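A quick write-up on the structure given underneath.
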Amino acid sequence: MSTPGAPNADEQALWDRLWAAQQLPRGRAQIAAVETVVRDADAHGSPALRYAARIFVTSAYQQGGEPAKAFVPFAWCLAVHDHGEADPHWDSNLYWYFKFMVGSMTRFPEMPLERTHAVLDDMERRYRLAGYSMNPVHQYRATLARHVGDRETAAEQYRLWAASPRGEMSDCVGCEPTAKVRHLTAMGRYAEAVEVAEPVLGGEFTCVEQPQDILTSLLLPYVHIGRLDDAARAHRQAYRAIRHDRAQLREVASHVEFCALTGNHARGLDLVERHLPWLDDAPTPYAELEFAAVAALNLRLVAEAGHGDAPVRGTTVAALRDKLTGRALALVARFDTRNGTSAQGDRVRALLAAEPLVEHLPLSGSVAPAPVPVPVSTPELPATAAELAELAGREFLLGRPAEAIWAEFDALCPEPTGELLAKRLMAAADHDDPETAERDLGRAAEAAEEAGNAVLAESARGIRLLVLARAGDETAGSALEASASRLAELGDAEAHGFALLRLATAHFTREDLEATREVLDRAEGPVRASGSPALVALWLERRAVVLANQGDLPAAIDLAGESVAHYTEAGSPERAARVRLLGARFRHGTGDLEAAFAATTGIDAGTDLLVRAQASRFRGNLAGRLGRPEDAVTAFRSAVADLTAAVLPVDAAVVRVDLAMAYLDLGRPEEAAEAVEDAEPVLERAGAEHALAQGRFLLGRAYRELGRPEQAVTVFGTVAEYFTGAEDPAAAGEATETRADVLDELDRDAEAAAGYTQAAEYYQAAGLTTSELRTLRRAVLSWLWADNSGKALEALTAAETAAASDDPDLAWERALTSYDGARLLANLDRPEEAYPRASAASTELRAFGAELPALAADVLCGRLLRDLGKFAEAREILTTAAAGLPEDAERQRAEVEGLLAELAE
């Protein structure tokens, strides 16, 4: 860009700063940079510079999320222009900004409506005088009429807009159709809205707002005409593009509304929670109104689904709904007062009361599908307290929740005594709180003793001793042995069996596997004599765990299978599912991944969502290792669904990171990015920094594959910083190396070379010599391409020093180091040093069977022999290389033929 006039050095520096600020990404950093130029230009610059700086700052304010600040510099520029003192170089910018002003004025309720009409009239007058099309004038008259509820004028202005030819001041080929889609949507003409957009969706967009703006505007039209898959895709693509831009709060609101109206209010709640802090720094009052209203709508739907008490941003869903509803109504009242109509208020009140347009629109990607309903066996509750206590005990043993049964017991028998008091205290004991558990179980033993039930009393004492043993009481073990003996004397086989399991658990807690196994062996008699399939299943499960810990996995697998059979006989699919997963893990331990994968099939029964989620995640990890990314995606999505249903958002977010990896393996980077982006805010709030860094590494990979390298560079840098601070040099090296790879693809060679050098230092610290050599080698040519031969030679020395080891694992990288070193020295016209390296590379690469790379080294040898004046040798090696080149190696063949032709002369 040229600088008007011929400024002196000081002024030229200000112009340079202005051009540099213009190149910054939109937002606060750009605004701050241009504002400093405006201040310095007022103090030291020419009139031309002061004018240009205000032209730029007007645009920066408008597009950077602070449009209220744009009015003053625009008015200043307009006054200078009208006095004939403006540089005509900027006239088209000034006229273009009229659209900014009119659009913004409607969004500030303190801006008089008459003033907006006056600016529109002035815009029309100036456009006519300048010979511009009336196309944008009709566009903004339609927008203003629609805003105040004058539908008749809006329709007529839209007709004139559509009939007017596009001109120099018309919005771009993406933004003008976007505005038309918004108008037609507001008028309820959804099919026409989609029809207007279709021609431009597959084309090339010329501004940074697209295609996300037009896709956002199409969300509800797509839903209204039944194109639900298109709506879901538009949501995923557009939201990803705007989710970090605070200036796009109004567009984010459209995505929250879409979630609310498509049965995705759980997803909408996540968006509300993520973007709520933006509300207090909204770019305009209208954007604040839009977000507050749709957030209140979404929160209302969440509350109506039974989650009004769920926490959100330090309050509850219901309380936040009421707060945002009041905020939206107060804001819209200001707009209606300014407009003199109830149009905006009517619209917002209808929005707050809206119902979903479809029951549930699957959004795919990482958005959890609705969990498969699981049949829950709800026993008919008996009529007496004694029967309720017995039923609760059986349900607990089968791994099913007994809270509802005990609640009925409490209602029927609020002050139990004797055996009922003992059973109630035993059920209520909190084993995670040893002090209170010891007290309650002691009281239970006393109550059972007073009632004359010696078995129940001893069982309560035994449970109390196990709590103490787990808390570290070293005397509890011998006491548990004595307790088991007393129960054996009492002749109750089931109680005796349970007592021995308690003793085995105490030994296992102390990691005494031999003692644990000995006790479990002794327990077989009373356990089998009890006639309880559930107790037998539990005993078999414990034996399987001990054998697995002792390394006898085949025997552990057999016992786990027996345990599953007994749990199934006992009517406990929940416990059976848990042990099936245990058996699958044992098979994984044997290294038989196929058998482990097969063993996870069918672990979907029962009401325990957590076990089902654990099984799905394990299955997903196995599928990934077996090279079955589709199965991995299916499994991880199921795990996310169950963890979400179980209200475990952090666990669900961690699995979304696993899901992102599976999507990348499947070649679906867009959905991988979505998975991580959905997980990010949850992991950030939970302080799960390691999982967050792992996810962001995958996000960087996704961005790279999606053709968004600058974002990838930023993300990889953040990841490297985290792992550096976490003292994980291997992970820091991988992130730094991958960032350097992207910089290399961007031809930012000096930065790439520095990155490879830094990565090598990390790898050295981690003891990863192969990776260290690889990155040192990559730095060699990056420094060469950056025109820094000195750094390139330093890197070559470092690489060759690292390659000097006899470690066989370095052989491949050693060969490539020889080749890259030869290429460097050849480019520096040092053929006598390059040739031995190229010759060694040829030999070393061929030893690996890497024929094509070896032929490339041969061609380099031929070129170097030519440079050394050894023409006969050069001709011989090049002729041999030509014969070995494959048919599709056109570039290499052309090079060889050129060299041979040169030698023939």
Side-chain angles (χ1 to χ4, degrees), residues 67 71 98-128 132-164 169-171 175-197 213 217-218 220-221 224 250-251 253-254 257 284-290 292-294 328-354:
F71 295 123
F98 266 101
K99 300 187 298 180
F100 288 168
M101 297 306 110
V102 173
S104 292
M105 291 171 82
T106 61
R107 296 168 189 162
F108 290 88
E110 60 270 25
M111 191 66 67
L113 203 60
E114 297 76 13
R115 178 62 181 153
T116 308
H117 281 293
V119 173
L120 249 175
D121 292 342
D122 191 30
M123 173 181 168
E124 179 174 352
R125 178 182 66 81
R126 291 174 188 270
Y127 278 25
R128 289 189 185 279
Y132 294 133
S133 168
M134 289 297 100
N135 172 284
V137 173
H138 293 306
Q139 173 183 343
Y140 282 89
R141 288 199 186 282
T143 300
L144 179 58
R146 194 174 70 245
H147 176 77
V148 299
D150 186 349
R151 295 173 66 87
E152 184 176 341
T153 298
E156 174 60 13
Q157 287 298 319
Y158 179 80
R159 186 188 68 78
L160 294 170
W161 171 17
S164 299
M169 289 296 116
S170 296
D171 286 352
C175 290
E176 186 185 359
T178 299
K180 288 180 177 178
V181 169
R182 287 174 178 159
H183 172 87
L184 292 167
T185 300
M187 305 298 276
R189 296 158 61 180
Y190 305 113
E192 291 176 74
V194 173
E195 185 178 349
V196 164
D213 271 16
S217 70
L218 284 168
L220 293 183
H224 277 285
R250 185 182 174 195
E251 285 67 29
S254 296
E257 181 182 6
T284 67
Y286 196 77
E288 180 185 354
L289 164 64
E290 289 292 283
V294 299
L329 292 174
L331 276 166
V332 80
R334 293 168 57 197
F335 281 97
D336 281 350
T337 299
R338 188 273 306 274
N339 296 341
T341 70
S342 65
Q344 290 297 320
D346 293 343
R347 180 184 67 83
V348 168
R349 283 184 285 274
L351 180 62
L352 290 169

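Being a predicted model, the structure only gives us computed values, none of them experimental.
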Intermediate values then yes/no, side-chain contact (heavy atoms from CB on, under 4.5 Å), R159 and H138: CA-CA 9 Å; R159 186 188 68 78; H138 293 306; over 6 Å; no
Closest contact, heavy atoms only, A155 versus M187: CB-CE, 4.3 Å
Trace of the salt bridge (Lys or Arg N to Asp or Glu O under 4.0 Å) decision for R250 with E257: CA-CA 11 Å; R250 185 182 174 195; E257 181 182 6; over 6 Å; no
Residue pairs fulfilling salt bridge (Lys or Arg N to Asp or Glu O under 4.0 Å) with at least one residue in residues 108-119, sequence neighbours excluded: E110-R334
Considering all heavy atoms, the nearest S217-T178 contact: OG-CG2, 3.9 Å
Atom pair OG (S133) and OH (Y127), whose distance is rounded to the nearest 0.5 Å: 10.0 Å
Validation row: T106, T116 side chains within 4.5 angstrom (heavy atoms): yes
Side chains of P136 and F98 in contact at under 4.5 Å (non-hydrogen atoms): no
Point-to-point distance, once rounded to the nearest 0.5 Å, from CD of Q139 to OH of Y158: 10.5 Å
Main-chain N/O of V148 paired with T341 side-chain donor or acceptor, under 3.5 Å: yes
Salt bridge (Lys or Arg N to Asp or Glu O under 4.0 Å) partners of E124, counting only residues at least two apart: R128, R141
Where L218 and V194 come nearest, the two heavy atoms and their spacing: CD2-CA, 3.9 Å
Q157 and D150: CA distance, side-chain angles, deciding distance, side-chain contact (heavy atoms from CB on, under 4.5 Å) verdict: CA-CA 11 Å; Q157 287 298 319; D150 186 349; over 6 Å; no
Close side-chain approach of V348 to L331, heavy-atom, < 4.5 Å: no
Approximate separation, where rounding is to 0.5 Å, of Y190 OH and T185 OG1: 7.0 Å
Residue pair A253 / V294: nearest heavy atoms and the distance that separates them: O-CG2, 3.4 Å
Sub-4.5 Å side-chain heavy-atom contact between H147 and Y286: yes
Note, L184 side chain near E195 side chain (heavy atom, < 4.5 Å): no
Heavy-atom closest pair, residues P67 and T284: CG-CG2, 3.5 Å
Distance in Å, L120 CG paired with M105 CE, rounded so as to fall on 0.5 Å steps: 8.5 Å
Distance in Å, M169 CE paired with N135 CG, rounded so as to fall on 0.5 Å steps: 11.5 Å
Student check: side-chain heavy atoms of K180 and E192 closer than 4.5 Å: no
Test side-chain hydrogen bond (donor to acceptor under 3.5 Å, both in side chains) applied to S342 - qualifying residues, sequence neighbours left out: D346
Interatomic distance, E156 atom CD to R151 atom CZ [nearest 0.5 angstrom]: 15.0 Å
Ring geometry between W161 and H183 (parallel below 30°, tilted from 30 to 60°, perpendicular above 60°): perpendicular
T337 and P109, any side-chain heavy atoms less than 4.5 Å apart: no
Criterion side-chain contact (heavy atoms from CB on, under 4.5 Å) on L352 and L329, from CA distance to verdict: CA-CA 10 Å; L352 290 169; L329 292 174; 3.9 Å; yes
Polar side-chain atom of R338 near backbone of L113 as donor-acceptor pair, under 3.5 Å: no
Shortest non-hydrogen contact between A154 and A145, atoms and distance: N-CB, 3.6 Å
